[in-house]
Structures are given as C-alpha cells and as structure tokens.
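Below is one structure, written out as structure tokens, with a few remarks after it.
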Amino acid sequence: MSSDTRELVRAALSDALLRAQQDGALPSVPAPEVRVQRPPNAEHGDYACNLAMRLAGAMRLPPLDVATAIAARVERGDLIADAEAARPGFINLRIRGDWKRDRLLDAIAAGDGWGRASQPAGERVQVEFVSANPTGPLQVGNGRGAVLGDALATVLDAAGCEVQREYYVNDAGGQIGLFGQTLLARYLQQQGVEAELPEGGYGGAYMIDLAGRIAEEAGARWREADAGQPPQELVDRGLELMLEQIRADLLLIGVRFDHWQSERALFDAGDDDAAAPYEAAMSLLREGGYVVEKEGATWFRSGDAGEEQDDVKDNVLIRSSGEPTYFASDVAYHYDKFLRRGFDRVIDVWGADHQGHVARTKASVSAVGGDGDQLEVLLYQLVHLRRGQERVRMSKRTGELVTLRELVEEVGADATRFFLLQRSADAQMDFDLDAATSQDPRQNPVSYVQYAHARCAGILRAAAEQGVEAGAEHLALLEHPREDALITAILTLPELVVDMAARREPHHLTTYAQELAQQFTQFYDACRVLDADEPQRSAARLTLVEAAKCALAATLRLIGVSAPDEM
RNA sequence: GCCCCUGUAGCUCAAGGGAUAGAGCGGCGGACUUCUAAUCCGCAGGCUGGAGGUUCAAGUCCUCCCAGGGGCGCCA
C-alpha cells in the first residue's frame, strides 16, 4: 500500500468532517467530494484542502471556523503529523517525516515503474493516434500526434488501464487512387515513358524514390500500364513500402503500435462469416432510421430520426457514384471498435483540422448501438514550424516537407519527444528549427533532466567504489529542507499519474520532470552525499539518491526519453 | 455567418476555481580544490487582450467585444 498517500489524507479529512458533524460541532449538511492539493508554498504543508470553504456557505459559518473544527478532528498518527486551519479557510496538513521517508523505499522497490497504480483500473481503452494517410512520410505535425498519443497510452497504462495502441491505415478511398496514379506516373517516367503527374498528385521527391524502389523490384513489368489505371499490385506494393517507412519513422521516436487497422478490411467479411463491419454498420443505421436518400446519395442524419434539424448537418455516406465516403468507413471503424472489439472507451487523437468530425462521429457511434460518450476525441492544435522568423509551410501535395525524420535527425529522438510533449494539446506550438538546431544541446530541459539522472547514477557508482551502502536505518537523518523538498517531489509522481490519466493530459510529465530534476540538483548542490565522516547520513542520503534515480527514470520512461547513466 | 482552439514576462510556454501567477530561452551580475559547472545563486522583466458578471476566492467559469489559428465538400 503505500503510495496512495493522497487517498489516505482524503479519507482522514472525510473522517474528521464526519466526527465534527457527529459531535455537533458542525451542522449536518451533505459533504462534497473531498479534494486535496499540493500547496504551491511549502510553508503550507504537504497537502491543503478547501473543504471548509466549500462547506461554509451551506453551514452558514465562517470558513475559518469550519476549517478549525475539521482540522482539530483530523487524526494524528503515523501518517498525519499536523493539521491546521489557515487564513481564508484552508486546512493545511503536514505529513509525518518518517512516513514520507519510508515511501522512498516504495519508490526504490518500484524502480522505473514508480508511479504505477497499485490496482488495475478495469477499463479496456483504445488509443488511436497518428493514422496518417500512407501517401507520404510522416511530418512534424504527425509527430506531435504520435508523441501525445503514445504518452497518453503510457500514462493510462500506468494508471492501471488495459491499453491498446492503434494506427488506422487509410488504404482505401480517393487519396489512394491519386497516390497510385502518381506512383505509376513516376514509375513510367523512370521507364522512359512519357507520363504526367495527375491533377493534385503527390509532387514530393519521395514518390520518385518510391517508384525507383518498385522499379528495382519489378523491372519493366508495368511499362505498358494505362496511366489512369494503376495496377492494384503496384499500388499495394507502394502502400506497403510507404507504411514500412512510416513504421520506421515512428520507431525512431520509440512509438510502437499494437494493431494496424486497415480501412479496406472493414469492407471484408470476417473469418467467422460475420458481416463486414461496413455492411453491419450501414444496416444498423438504416434500421435505426438514421439514413436518408436524397440528391442521388445516401446520407447520415445524426439528429433524431427523420426530423429535419437546422443545426445538424447531414453527411454523405454513399456518393451518388455508389462509392462510400471516408465518413462511412469511419462509422464502420468505430462500430468495429465498440460493438465488435468491445472497448470500454476509445480515445482518438486527431489534429485540430478534424475538429468538425467529432460530433458526427460520436453521433454515429450512438446510432449503431454504442455510447457516443465513450468515444473521446483528443484534438491537438497544429505545430507551426519556423526557421527563425520564417514560417515553414507544410504540405504533402506541394512536396515541401519537413518530415518527422528530418526533425529527429536534427535534434535527436529524445529532444523531439520532449519538445512535442511539452505543450498542452490545446495550445498551438511554434517549433523553431533554427533554435532547436543551433541551440547547444546541453542547454535544453531534456538534458537537464537526463543530467540529474546521470548524476544519481554517478553517485551510486562512486558509492559502490568506496564501498558505501545505502541504508534505511537512519532515514530520519534526512531533515534538510532540500532533502524534504526532493522527497516530496519523488512522492508526487503516483498522484500525477492518476491526475494525468483522468484529465488526458500527459504534457504535465515534462513540467514535473523539470521540477523533479531541479529538486534533485538543488539537493545535490546543498547536500554532500558521500561523506566518510558521517557514514549514517551518507547511507541515508544514498537511499534518497536511489529513490530520486527511480523517480527520474520512471518519469523519463513515461515521457519516452532515455535515462542515461553517464553524460 | 456558424463551430472548435488560443491570447499569461522580450520570445516559447506552464499553472485541477485557491494562498505571493511560474519555468526555459534571451538580458545583467556572481559562484568551480567537490559525488559530473550539461550545475548553482542573485537581479531585471506581468493591470494574465478588453469590458461586464458568478463566487468567500477568477489566468481558470459565464456573456459580450477585439486579435490570431483551424474548420464548415458527394476530399481525407
């Protein structure tokens, strides 16, 4: 047990309130959920609670009086050293030093798994992210989605969820046709055949490389192909190679998927003869009365069946040509996620330019018999690339690319992950390539955190050489303010994991990592660990260093950044 | 016109409705006989875009306005 200090504190406050009400000190009004926070100022203790201020109105008492009554009844013991009411009506709690120091042993036992929930959350959740069209290499924007989705999945996993990472491969539809035509044109050009890129085709140089690789494999086999009709085999091979590259690019920043879901496969019947997800979903929509035929096409009506609503736009499912739209695939896809594969919850990570699709997709989930509220869409704002003052435009079509791979090659995988995770998904971010590349690699927050970890490792190495061993017998000697601050920072990680998972906000990891590293570095600066004159203190501090190393390693692991032992 | 996101230090951005709004970079000034100076300490820098409102308490919630980004296809 253990790492759930915050839960124990909450329970203690609930008990105290209940007692105050039972012995008549406070009126019996319904109690709100008890929340505690880490006060920004260490003078206010380890935890602070606003319970009294929230109760004061209903109780018709001054907040400070309510706080005093509750604080007086908080049980002091192994966990809580002191509770006191403060100014407007806060209840500030101080955790017993021994209790905090003993938790260091929990951290050491957990190693780089420190922060993980002790109990499974019992939720099967899928995080679908990146899902970039396989018509070109991943760009920096995709990288943001990759880092965000991967970190979110990692955080949810740490919070006890059963998590699946998925990439949706758009291997059907109009853009694939265009991709095939472009590929064929490039191929034919290399075969010395006159061929023009299709209107709006993919002009990037990577298509030339791709055609070259295919020519190496297939020779002149498709030399006679009709430029408007790329052979399926050629297109498939092109997609395969493109996906291989995407996979490799993602691997560069340590992102791996559990499942790659083909869009095309949604149109195929299953092995057990079940109807294709597409067919099944369309039937459900029709049966539910969500489908209208008009203007020669088939539309999804997301509002109440059959009712005309001004504020709800109909969306085309099947074009008048008979071809299903991307949206139809998406309906089938989410039907498959919820109704076939049975996820409790699905989180789609989308670029903000897909914002307009959220409502209709949720509506479609409900329409096919799922619960649209179980689908969450995490939108991330776009990354703007700059070189100094100059905006870098990004477009696959024009071929002017700043690829994820280029970025990683320039700034390194660790910095890429850290920087792309640093901002909240809601915030647009500027990525200045000049700054990232010209900047001394030593002078960035990633190195700062990694350096703290390396220093921990260095101290442990030196200790081993000197034959000094860590010991838990004299942890009470850890009483320096910097030591206490470091301990507090280490103990915050499990709470942070819970909060980040609940709020779907993995970016807090980067702020925390810097805070933790700073606490360690300040401790390092103020407190000599290995001191032959004070063997007991050395042993205790060595334990603290071990725990700090675990917390740093765990944090870096959650971010997806390496934790070097030497720098 | 409608919808989503944003507006916080010179720049890039943090900050569950809480206490004195914080980091990094940039600027200025200090500190290495040390377990790593890839570090530490100090200084300067803010009416949190504006106006109302809700609340014991607003950067955070609500309304309006201004500014920037994105979206409103039988494209994806």
Side-chain angles (χ1 to χ4, degrees), chain A residues 35 37 39-41 43-44 48-50 52-54 56-57 62-64 86-90 92 131-133 135 170 172-176 178 200 263 295-299 311 313 315-327 329-330 351-359 379-382 384 386 419 422-432 435 439-448 450-452 454-463 465-466 468 499 502-503 505 507-508 510-511 514-515 518 521-522 524-531 538 541-542 545 566-567:
Chain A
R35 290 193 204 158
Q37 59 167 137
N41 188 337
E43 287 169 23
H44 296 135
C49 182
N50 63 3
M53 290 179 284
R54 292 166 65 205
L64 197 59
R87 262 181 310 170
F90 287 103
N92 292 329
S131 301
N133 286 340
T135 52
N170 298 122
Q175 84 284 356
I176 295 302
L178 206 53
E263 177 182 355
E295 297 158 33
T298 302
W299 303 68
D311 56 337
K313 272 197 174 170
N315 294 281
V316 172
L317 289 163
I318 304 173
R319 287 178 263 252
S320 47
S321 67
E323 287 286 305
T325 59
Y326 168 84
F327 174 54
S329 296
D330 231 21
D353 52 341
H354 288 65
Q355 159 268 131
H357 298 180
V358 175
L379 295 170
Y380 61 92
Q381 297 295 315
L382 303 184
H384 294 290
R386 286 184 312 168
F419 281 128
Q422 235 176 339
R423 312 310 184 193
S424 88
D426 283 340
Q428 287 179 35
M429 59 181 290
D430 269 24
F431 206 121
D432 187 342
Q439 195 180 44
D440 184 342
R442 300 162 180 234
Q443 287 189 328
N444 68 57
V446 201
S447 302
Y448 182 74
Q450 290 175 320
Y451 186 56
R455 272 180 159 171
C456 288
I459 294 171
L460 295 174
R461 271 195 306 274
E465 281 168 22
Q466 298 171 25
V468 182
D499 294 345
R503 293 161 56 194
E505 288 180 352
H507 73 277
H508 296 294
T510 58
T511 310
Q514 291 172 84
E515 166 70 17
Q518 185 179 25
T521 308
Q522 289 178 342
Y524 174 92
D525 192 56
C527 303
R528 174 84 200 177
V529 176
L530 301 175
D531 183 347
S538 292
R541 284 182 171 168
L542 213 46
V545 170
E566 280 181 87
M567 288 175 77

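Chain letters run A, B, ... following the sequence lines, proteins first, then strands; residues in each count from 1.
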Residue A/Tyr448, side-chain atoms from C-beta onward, closest of B/U39, B/C35, B/C74: B/U39

How far does the P atom of B/G45 sit from the matching atom of B/G10, given to the nearest Å? 10 Å

Across all chains, not counting sequence neighbours, the side-chain hydrogen bond (donor to acceptor under 3.5 Å, both in side chains) partners of A/Thr325 are none

Measuring to OP1 and OP2 of B/A14, would you say a side-chain N or O of A/Ser424 lies under 4.0 angstrom away? yes

State which of B/G69, B/C4, B/C35 makes the closest approach to the side chain of A/Ile459. B/C35

So what does A/Ser320 touch, heavy atoms closer than 4.0 Å: a base, only the sugar-phosphate, or nothing? base

With sequence neighbours excluded, tell me which residues meet side-chain contact (heavy atoms from CB on, under 4.5 Å) with A/Asp426. A/Ser424

Same-atom distance (P) from B/G71 to B/G27, integer angstrom: 37 Å

Are any non-hydrogen side-chain atoms of A/Gln428 and A/Arg423 less than 4.5 angstrom apart? no

As a test of reading the structure: which of B/C75, B/G71, B/G69 is closest to the side chain of A/Arg319, going by heavy atoms? B/C75

Whole-Å distance, A/Asp426 CG to B/U60 P, equals 15 Å

Is any side-chain heavy atom of A/Leu178 closer than 4.5 Å to a side-chain heavy atom of A/Thr135? no

Test of understanding: with salt bridge (Lys or Arg N to Asp or Glu O under 4.0 Å), list the residues that count as partners of A/Arg35, not counting sequence neighbours. A/Glu33

Can you sort out the partners of A/Arg541 under salt bridge (Lys or Arg N to Asp or Glu O under 4.0 Å), two or more places apart, ordered by chain and number? A/Glu483

Protein-nucleic acid N or O pairs under 3.5 Å, nucleotides 8-12 of chain B:
residue	atom	partner	partner atom	Å
B/U12	O2'	A/Arg423	NH2	2.9

Any chance you could list the contact pattern along nucleotides 45-50 of chain B? Use B for base contacts, S for sugar-phosphate-only contacts and - for none, protein heavy atoms under 4.0 Å, 5' to 3'. ------

Is the phosphate of B/G69, meaning OP1 or OP2, less than 4.0 Å from a side-chain N or O of A/Tyr380? no

Expected output: side-chain A/Glu465 to main-chain A/Leu460 donor-acceptor under 3.5 Å: no

Could one point to a donor on the side chain of A/His357 or the base of B/A76 with an acceptor on the other under 3.5 Å away? yes

Requiring both pairing distances under 3.5 angstrom, list the stems that contain RNA chain B and are made of three or more consecutive Watson-Crick or G-U pairs. B:1-7 with B:66-72, B:10-13 with B:22-25, B:27-31 with B:39-43, B:49-53 with B:61-65

Can you find a donor-acceptor N/O pair under 3.5 angstrom joining the side chain of A/Ser321 to the base of B/C74? no

Among B/G69, B/A14, B/A76, which nucleotide has an atom closest to any side-chain atom of A/Gln381? B/G69

For A/Tyr380, side-chain contact (heavy atoms from CB on, under 4.5 Å) partners two or more places apart: A/Arg144, A/Leu148, A/Val349, A/Ala425

A/Arg319 side chain vs A/Ala297 backbone, donor-acceptor pair below 3.5 Å: no

Classify the nucleic acid contact of A/Gly458 as base, sugar-phosphate or nothing, counting any heavy atom under 4.0 Å across all strands shown. sugar-phosphate

Expressed as a whole number of angstroms, how long is the span from A/Gln522:CD to B/A37:C1'? 15 Å

Given the rule in the side-chain contact (heavy atoms from CB on, under 4.5 Å) test, do A/Val316 and A/Glu295 qualify, once you have shown the distances and angles that lead to the verdict? CA-CA 10 Å; A/Val316 172; A/Glu295 297 158 33; over 6 Å; no

What contact category does A/Gln450 fall into here, base, sugar-phosphate, or nothing, at under 4.0 angstrom with non-hydrogen atoms? nothing

Heavy atoms only, 4.0 Å cut-off, all strands: where does A/Ala56 land among base, sugar-phosphate and nothing? nothing

Just to verify, what does A/Ser320 make a side-chain contact (heavy atoms from CB on, under 4.5 Å) with, not counting sequence neighbours? none

Pairs: protein N or O with nucleotides 16-22 of chain B N or O, under 3.5 Å:
residue	atom	partner	partner atom	Å
B/G16	OP1	A/Arg503	NH2	3.1
B/G16	O6	A/Val36	O	2.8
B/G16	N2	A/Arg35	NE	3.1
B/G18	N7	A/Asn50	ND2	2.9
B/A19	N6	A/Asn92	OD1	2.8
B/A19	N1	A/Asn92	OD1	3.2
B/A19	N1	A/Asn92	ND2	3.2

Check salt bridge (Lys or Arg N to Asp or Glu O under 4.0 Å) between A/Glu515 and all other residues, then give those that pass, not counting sequence neighbours. none

Side-chain donor-acceptor pair present, A/Ser329, A/Glu263, cut-off under 3.5 Å: yes

Salt bridge (Lys or Arg N to Asp or Glu O under 4.0 Å) against A/Arg461, all qualifying residues, sequence neighbours excluded: none

Per nearest nucleotide of RNA chain B, the residue lying toward the 5' end, A/Pro324 or A/Met567, is A/Met567

Is there a side-chain polar atom (N or O) of A/Tyr524 under 4.0 Å from OP1 or OP2 of B/A37? yes

Using a cut-off of 4.0 Å on non-hydrogen atoms, how would the nucleic acid contact of A/His507 be classed: base, sugar-phosphate, or nothing? sugar-phosphate

Sugar-phosphate only, base, or nothing, as touched by A/Ala502 at under 4.0 Å among non-hydrogen atoms: nothing

